[in-house]
Amino acid sequence: MDEMKRGFILILTAPSGGGKGVLSRHLVEKMDGIRFSVSTTTRMMRPGEVDGVHYFFVGKDEFEKKIREEAFVEWAAVFGHFYGTSRQMLTENLQAGQDVILDIDWQGARQIRGQMPGDVVHVAIVPPSRDELRRRLVLRGQDAQEVIERRMALAEKELSHWHEADYVLVNDRLEQAYGDIEAIVRAERLRRGRMAGRVEKIVAGFGGNDGLYQDGSG
Ligand code: 5GP
């Protein structure tokens with residue numbers, strides 16, 4: 001935890017099967033100071049899920065109340081259920097110097113960037129080809145054929161927004177992609193604005209450089 005440094009919001013967008021899950025898990029396991037955001041949802045809890053860990057599970061009335069209270073920085077209806085990102089959770093993490101990973105689509109990414117422009121780092125993950133994405137979805141063995149076709153159709157829509165991202169990562173070889181996503185996080189942590197708290201203190205420790213640059217060149 002680094003209270004001298006503000007964290008950032010890492011938004012990874014990708015079509016289903018694009019590698020968003022594996023890349024974000026890699027970051028959380030490999031790097032300190034980065035964690036998943038826990039969204040609020042109205043959908044039913046699935047076996048193995050834990051309230052407060054995978055999601056905060058709430059009823060529709062409670063979700064609507066939170067919308068009215070502006071408790072979400074963004075929210076959306078996905079497959080007939082509501083999903084939202086808590087403003088308070090995000091703000092507290094960023095202030096504590098934690099980077100936060102959000103698993104949301106391009107529409108959510110847009111909404112958050114609109115509200116917290118300086119805090120968002122958006123990475124679009126692009127599969128190497130259409131055939132390869134289909135191969136990965138089939139290999140995953142999670143979906144029936146018709147669900148795969150639906151995901152492929154949605155993939156086209158998601159990918160059409162790649163140019164809204166700050167970084168684009170073509171997820172061809174996984175080892176390379178791990179290195180690339182780590183590099184993005186490392187570089188973003190060194191941005192001047194995020195380093196300002198720490199550096200200003202260091203520079204203040206040097207005091208004024210009175211008289212050193214009398215020609216004004218300093
Ligand atoms: P699932 O129900 O399978 O966990 O998630 C379904 C979809 O909801 C995923 O595509 C996920 O990215 C999206 N989702 C999860 N949490 C949020 C959220 O807080 N906001 C938005 N906009 N989408 C979310």
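The structure presented is a predicted model; accordingly, all values stated were derived computationally and were not measured. Counting convention: from 1, in listed order, for ligands and their atoms alike.
Within ligand 1, counting atoms from 1 as listed, the ones closer than 4.0 Å to a heavy atom of E74 are 18 (C), 19 (O), 20 (N), 21 (C), 22 (N). The distance from ligand 1 to the heavy atoms of G84 drops below 4.0 Å at these ligand atoms: 18 (C), 19 (O). Residue-ligand proximity, A76 to ligand 1, at heavy-atom distances under 4.0 Å covers atoms 22 (N).
Residue, atom and distance of the protein heavy atom nearest to atom 2 (O) of ligand 1 are Y83 OH, 2.4 Å. Remark: minimum distance from atom 7 (C) of ligand 1 to any protein heavy atom is reached at V78 CG1, 3.7 Å. For atom 4 (O) of ligand 1, the closest heavy atom belonging to the protein is Y55 OH, 2.5 Å. Nearest non-hydrogen protein atom to atom 23 (N) of ligand 1 is I104 CG2, 3.7 Å. If you check which protein heavy atom lies closest to atom 3 (O) of ligand 1, you get R46 NH2, 3.1 Å. Atom 16 (N) of ligand 1 has S39 OG, 3.2 Å as its closest protein atom, hydrogens excluded (heavy atom only).
Proximity of R43 to ligand 1, defined as any heavy-atom pair under 4.0 Å, is confined to the side chain (atoms from C-beta onward). Contacts between E158 and ligand 1 below 4.0 angstrom, taking non-hydrogen atoms only, are absent altogether. At a 4.0 Å heavy-atom cut-off, ligand 1 does not touch Q107 at all.
Between atom CG of residue D103 and atom OG of residue S37 there is a gap of 9.0 Å, rounded to the nearest 0.5 Å.
The aromatic rings of F63 and W75 sit perpendicular, their planes meeting at an angle over 60°, well past the 30° parallel limit. The aromatic rings of W106 and H161 sit parallel, their planes meeting at an angle under 30°, below the 60° perpendicular limit.
Of the candidates V38, D103, L12, L154, D103 brings a heavy atom nearest to atom 14 (N) of ligand 1.
The shortest N or O to N or O distance between D105 and ligand 1 is not under 3.5 Å. In terms of polar-atom proximity, defined here as any N/O pair under 3.5 Å, W75 makes no such contact with ligand 1.
One finds a salt bridge joining R113 and D166 here, because a Lys/Arg side-chain nitrogen approaches an Asp/Glu carboxylate oxygen to under 4.0 Å. Ion pair K66/E69 not flagged as a salt bridge, since none of the NZ, NE, NH1 or NH2 atoms sits closer than 4.0 Å to an Asp/Glu carboxylate oxygen.
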Discussion item. Under the criterion salt bridge (Lys or Arg N to Asp or Glu O under 4.0 Å), I'd like the reasoning laid out for K60 against E64: C-alpha separation, chi angles, the key distance, then a yes or no.
Written reply: CA-CA 6 Å; K60 196 157 176 277; E64 284 170 346; 3.3 Å; yes

Worksheet entry | Derivation and outcome, salt bridge (Lys or Arg N to Asp or Glu O under 4.0 Å), residues R191 and E188 | CA-CA 5 Å; R191 272 195 184 274; E188 285 293 331; 2.9 Å; yes

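Not close to ligand 1: F72, with no non-hydrogen atom less than 4.0 angstrom away.
A donor atom on one side chain and an acceptor atom on the other are found under 3.5 Å apart for Q145 and E149.
Shown are R136, R130, R134; of these, the salt bridge (Lys or Arg N to Asp or Glu O under 4.0 Å) with E132 is made only by R136.
In this structure, L23 and Y178 have side chains that are in contact, with non-hydrogen atoms separated by less than 4.5 Å.
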